[in-house]
Amino acid sequence: MKKIYITMFALSACFFSGCADDYLDVDQTESISTTDIELFNNDAGATTFVTSIYSKFLDWDMTSFGWIGLSSITSDDADKGSSPGDTGTDKDVLDALTYNASNPSVESTFNANYDGINRCNQALNIIPKLDKADANLRARLLGEAKFLRAFMYFTLVKAYGGVPIVDHLPNPTSEEDKIMLLTRKTAAEVYAFIESDLNDAIAVLPNKSVYSADEKARASKGAAHALLAKVNLYQKNWQKVVDNCNLVTGYSIVPDYAAMFRLSGENGDESIFEINGVGSVPAKGIQGYSASQGARGAGGWGWGFNTPSQSLVNAYEVGDVRKNATIIFRGTTLYDGRVVPVTVENERYNFKAYSSAFTDGWETDVNIKYLRYAEVLLMKAEALNELNQTPAAILLLNQIRNRAGLANTTAVSQGDVKTAIWKERRVEMAFEHDRFFDLVRTGQAAAAFAVDGKTFTVGKNELFPIPDSFIRQAAGLSSQNPGYN
């Protein structure tokens, strides 16, 4: 009897889960076991393996509470929020930058991404064997799997630095594979692996325009180029940033910033890659994403975590339409007529996590926009400025400012334009899970956190700790990041 298994990161095995044509309809409790790989040897069967990768992004441990803590609550854009006595398990120590290697959010995010990577490796292993599935579809699915694996490794390398590179399904009885699973590679090696996956994906993925309306959330050639540009940005490979940004075609910044973050604006002209959520029955949204960030207290609808900081409020210029599109203010009326009463506990909440139709739902229709064309323009602007092409950078910066209702920048010198671009990234992409990592990569972290009343320890807080559970299991094959016990 032969069964298809996913090998888990900790060398245990569990049944592959998630069978559907559309990952939004995947039932995460469903298990697939088969005595014959022929069961999957068709177009629908082949698609199932990549469907399961997308479905991982809807999980609580992958994209929701722990990730919100690491990518947002730690930053100067957000405070813990909620009630003073509700720590959210560990959101208080994340907010204060006093977490350690036993932190639950650090561990869950690490493990969740490796779960997703194993799903990618499962797809990359099985799909080439499905010779009765359409050859062009199989090539595209392999490209999607490589894009998604690259995406997850980019998350890992930003958060933890060098991590193990698991490039195939490991054999639990193989000593060589055990060493692969437990040995950290350098950040440079991880970046090289990401770039290789993205280049492979670019070669086979279609443009977004080729996908049907119900497939717009799938990875495209433009998404792969945009992510590669971002990978180049983090490595300061400025010309490659420009080159890849130039290859992101068929997108445009939309005129109405606020509309992008409503149901009607999902997967629109500016969207390059986003995680889809639907709140209809059966609900398949991002588990707890909206609920954990919704207004808390009398008249509210959520837990109240990840609240916009005063520092972020102060970053918006007068007349910037993005402020009220990003922040829900206590005592105001929202675009759908909902009144936010003065009785809710916190002054401010994350508007980009708000669902009008499924406001108090555990799984809502809120999407996370991970790559937008506005960011492509800002990445290109930053790179051009570094390449001494400051006038061209200013033109791109002004496109973003003008869409927000602001006048052209007054910055002229290369240094001032750099600062202006960094500030523009903050207010343009607030609560889109980039701010903490932007502060680190640009060297602004210590000063920015000081303004927000937090102490950023240089030489330590640039990276999160590797989970202590992994370090113990590695038994000397991997070491901890500096500053953590």
Side-chain angles (χ1 to χ4, degrees), residues 8-12 14 56 59-76 78-118 152-153 155-166 178-187 190 287-289 292-293 303 305-306 433 436-437 439-440 445-446 449 453-485:
M8 301 300 291
F9 184 70
L11 296 178
S12 61
C14 72
K56 182 62 191 176
D59 280 4
W60 169 256
D61 62 345
M62 181 73 163
T63 311
S64 195
F65 206 32
W67 177 236
I68 291 165
L70 262 62
S71 64
S72 193
I73 292 175
T74 53
S75 81
D76 62 340
D79 299 318
K80 174 185 75 72
S82 189
S83 300
D86 189 345
T87 65
T89 305
D90 61 356
K91 304 308 177 288
D92 54 340
V93 295
L94 289 171
D95 193 18
L97 303 180
T98 57
Y99 43 82
N100 58 35
S102 297
N103 179 270
S105 294
V106 164
E107 182 172 29
S108 65
T109 300
F110 187 87
N111 290 342
N113 278 278
Y114 273 107
D115 183 17
I117 287 165
N118 277 306
M152 287 180 251
Y153 267 113
T155 295
L156 289 168
V157 75
K158 287 188 299 181
Y160 304 98
V163 293
I165 295 176
V166 183
K178 178 181 178 181
I179 292 171
M180 171 188 70
L181 286 165
L182 298 175
T183 304
R184 297 179 67 184
K185 298 295 186 181
T186 65
V190 177
Q287 296 172 351
Y289 188 78
S292 62
Q293 300 179 78
W303 301 359
F305 286 94
N306 196 34
H433 304 282
F436 178 87
F437 304 109
L439 289 174
V440 170
F449 281 112
K454 302 180 183 182
T455 300
F456 181 93
T457 302
V458 175
K460 174 185 177 181
N461 288 132
E462 290 85 355
L463 297 173
F464 294 101
I466 300 294
D468 182 61
S469 57
F470 171 83
I471 295 297
R472 290 199 309 270
Q473 187 180 1
L477 290 173
S478 289
S479 58
Q480 183 56 269
N481 284 328
Y484 299 102
N485 297 325

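Remember, it's a predicted structure, so these values are computed and weren't measured experimentally.
In this structure the side chain of Pro164 never reaches within 4.5 angstrom of the side chain of Thr183, judged on heavy atoms. Side chains of Met152 and Met62 form a contact here, defined as non-hydrogen atoms less than 4.5 Å apart. Inter-residue side-chain proximity for Ile165 and Met180 is flagged as unmet; no heavy-atom pair is nearer than 4.5 Å. At a threshold of 4.5 Å between non-hydrogen side-chain atoms, the residues Val166 and Leu181 count as touching. For the pair Phe305/Ile68, no side-chain contact is recorded, criterion being any heavy-atom separation below 4.5 Å from C-beta on. Put simply, the side chain of Thr74 reaches to within 4.5 Å of the side chain of Leu97, judged on heavy atoms. Using a 4.5 Å cut-off on side-chain heavy atoms (C-beta onward), Ser105 and Leu94 make contact. Considering only heavy atoms from C-beta on, Pro104 comes within 4.5 Å of Thr89 through its side chain.
Classification of the Tyr114-Tyr153 ring pair by plane angle, with boundaries at 30° and 60°, yields perpendicular. By the 30° and 60° cut-offs, the orientation of the rings of Phe464 relative to Tyr99 is tilted.
In this structure, Trp60 has its ring center no closer than 6.0 Å to that of Tyr289.
Between the side chain of Asn461 and the main chain of Thr457, a donor-acceptor pair closer than 3.5 Å is present. Arg184 places no side-chain N or O within 3.5 Å of a backbone atom of Ser478 that could act as its donor or acceptor partner. Formation of a donor-acceptor pair under 3.5 Å by the Glu107 side chain with backbone atoms of Asp468 is not found in this model. When atom types are taken as modelled, the side chain of Lys454 and the backbone of Ser75 share a donor-acceptor pair closer than 3.5 angstrom. In this structure, the side chain of Ser64 engages the main chain of Gln287 through a donor-acceptor pair within 3.5 Å.
Electrostatic pairing of Asp86 and Lys80 does not count as a salt bridge here, judged by no charged N lying under 4.0 Å from a carboxylate O. The residues Asp95 and Lys91 are annotated as not salt-bridged, no charged nitrogen and carboxylate oxygen being separated by less than 4.0 angstrom.
Judged as a salt bridge (charged side-chain N to carboxylate O under 4.0 Å, His left out), and not counting sequence neighbours, the contacts of Asp61 are Lys56.
Put simply, CG on Asp92 and OG on Ser82 are 10.5 Å apart, with the number rounded to the nearest 0.5 Å.
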Inset, instruction - Decide side chain to side chain contact (heavy atoms under 4.5 Å, CB included) for Tyr160 and Leu463; before the verdict, give the C-alpha distance in whole Å, the side-chain angles of both, and the deciding distance to 0.1 Å. - result: CA-CA 5 Å; Tyr160 304 98; Leu463 297 173; 5.8 Å; no
Inset, instruction - Check step by step if side chain to side chain contact (heavy atoms under 4.5 Å, CB included) holds for Val157 and Val163. - result: CA-CA 7 Å; Val157 75; Val163 293; 5.5 Å; no
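Within the cation-pi definition used here (under 6.0 Å to the ring centroid, within 45° of the axis), Lys158 does not qualify as a partner of Phe436.
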